[in-house]
Amino acid sequence: MTSAVGGLRRLRSELPLLAIAVGLGVLALLAPAWLKSEPASLPSARLVVADLRGQALVVTDLPDGSVRRIELPGGPHEIVELPDGRVVASLEQAGRLAVVDLDTGAVDAVETGGFPHGLALQGGELLVTDRAIDATRRFDVATWAEVGALIGGSTPHAVVAGPDYVAIASAGDNTLRIDDRALPVSALPETVAISPDGSRLAVAGAFGGRVQWFGVDGTPLLDVPLGERPVRTVFAPDGHTLAVALSAGGEAALVGEDGSVRRVVTGGVPDGLAFDASGAWLFVSDMAGGHVSAVDVASGVAKWRARLGESAGALLLLAP
């Protein structure tokens, strides 16, 4: 285990300049392709897309659709917003975290070693899952010093944090760990979501094909079979609906707290999910083709789609 941060350094000046021809290709790639509705119908927000294969964050200002690309020193897996408005991306294969100022495009790196993946904020600490040591590491976001670790089971993948608890999806032993409790869940859990009020957790098993809700005390609340390799979950702002990315079905599922399921066709390989603040729109990324679709939740229809990178993964939807 890496016991200390290797150093924080400014990377923007080190990244190679793109050749003109490549730059033109990128511009063509990122030209928004508005489909089915006018952009003005979308919420006013800043959409941040983790482009895993393209090794960048792609920032789109909605509803006008202007696009900026911020190159990273590795492929981003998960992203989370810091209290100061910057964004942290986990660069698992590079053994780094990237700390990104979305306004200036400045990128700083925290050298962590290992395989940093899942991210969550708890107070002034960033929690980072690391399958290299089967633990969730803790970093002080003011200094980026490593301050300890939590046991994460086998191959900890995703993590969320409430005010006084931490929940980890442990993919290697098919458990949801809530502090020191390990609950058996659907096979290969790669995701865990926390409700807006912090009272419930949801996990989905990519191999098992089921989505399950629990109280934070571990009480089972819901168990719904979905199939189609569910890989990511997120609660709607009202906490009554859970969105699930079905990566093998080209769909997102909207699961109600009563167990009802609505399926929305988005195409591609759905991965990242983000609701807007009102809960009226659900954004779904496509890991295969780099597209992001905006789903009108009331109708269950994808009404906007744009290509925003090579492989669109994790999403953040931030205030403009």
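Follow the hydrophobic side-chain contacts under 4.5 Å out from Val216 and you reach Phe214 in the same cluster. Under a hydrophobic clustering in which Ile, Leu, Val, Met, Phe, Trp and Tyr are joined whenever their side-chain heavy atoms come within less than 4.5 Å, directly or via other members, Val128 and Val159 fall into different clusters. By the rule that hydrophobic residues join a cluster once side-chain heavy atoms approach within less than 4.5 Å of another member, Val58 and Leu42 end up as members of one cluster.
Ring orientation note: the planes of Trp304 and Phe283 are nearly perpendicular, at an angle over 60° on the 30°/60° scale.
A donor-acceptor pair is defined here as one N or O able to donate and one able to accept, closer than 3.5 Å; such a pair exists between the side chain of Arg181 and the backbone of Asp217. Between the Arg137 side chain and the Thr112 main chain, a donor and an acceptor come within less than 3.5 Å of each other. Counting only distance, with no hydrogens or angles, the side chain of Arg138 and the backbone of Leu150 share no donor-acceptor pair below 3.5 Å. Ser170 places a side-chain N or O within donor-acceptor distance of the main-chain N or O of Ser154, the cut-off being under 3.5 Å. When atom types are taken as modelled, the side chain of Ser247 and the backbone of Arg229 share a donor-acceptor pair closer than 3.5 angstrom. Between the Asp179 side chain and the Val166 main chain, a donor and an acceptor come within less than 3.5 Å of each other. Looking at Asp108, its side chain never comes within 3.5 Å of a backbone N or O of Val99 through a donor-acceptor pair. Checking side-chain atoms of Asp276 against main-chain N and O of Trp281 turns up a donor-acceptor pair under 3.5 Å. In this structure, Ser186 contributes its side chain and Ala204 its backbone to no donor-acceptor pair below 3.5 Å. When atom types are taken as modelled, the side chain of Asp130 and the backbone of Thr136 share no donor-acceptor pair closer than 3.5 angstrom.
You'll find the side chain of Pro189 stays beyond 4.5 Å of the side chain of Leu176, heavy atoms only. You'll find the side chain of Arg46 reaches within 4.5 Å of the side chain of Val59, heavy atoms only. Contact annotation: the side chain of Leu126 approaches that of Leu119 to within less than 4.5 Å [non-hydrogen atoms, C-beta and beyond]. Leu254 is listed as a side-chain neighbour of Leu282, based on a closest heavy-atom distance under 4.5 Å.
Side-chain N/O atoms of His157 and Glu190 include no donor and acceptor closer than 3.5 Å.
Tested against Leu57 for a side chain to side chain contact (heavy atoms under 4.5 Å, CB included), the candidates Val49, Val107, Val87 yield a single pass: Val87.
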List, one per line, each side-chain donor-acceptor pair under 3.5 Å for residues 311-320, sequence neighbours excluded.
| from | atom 1 | to | atom 2 | distance (Å) |
| --- | --- | --- | --- | --- |
| Ser311 | OG | Leu52 | N | 3.4 |
| Ser311 | OG | Arg53 | N | 2.7 |

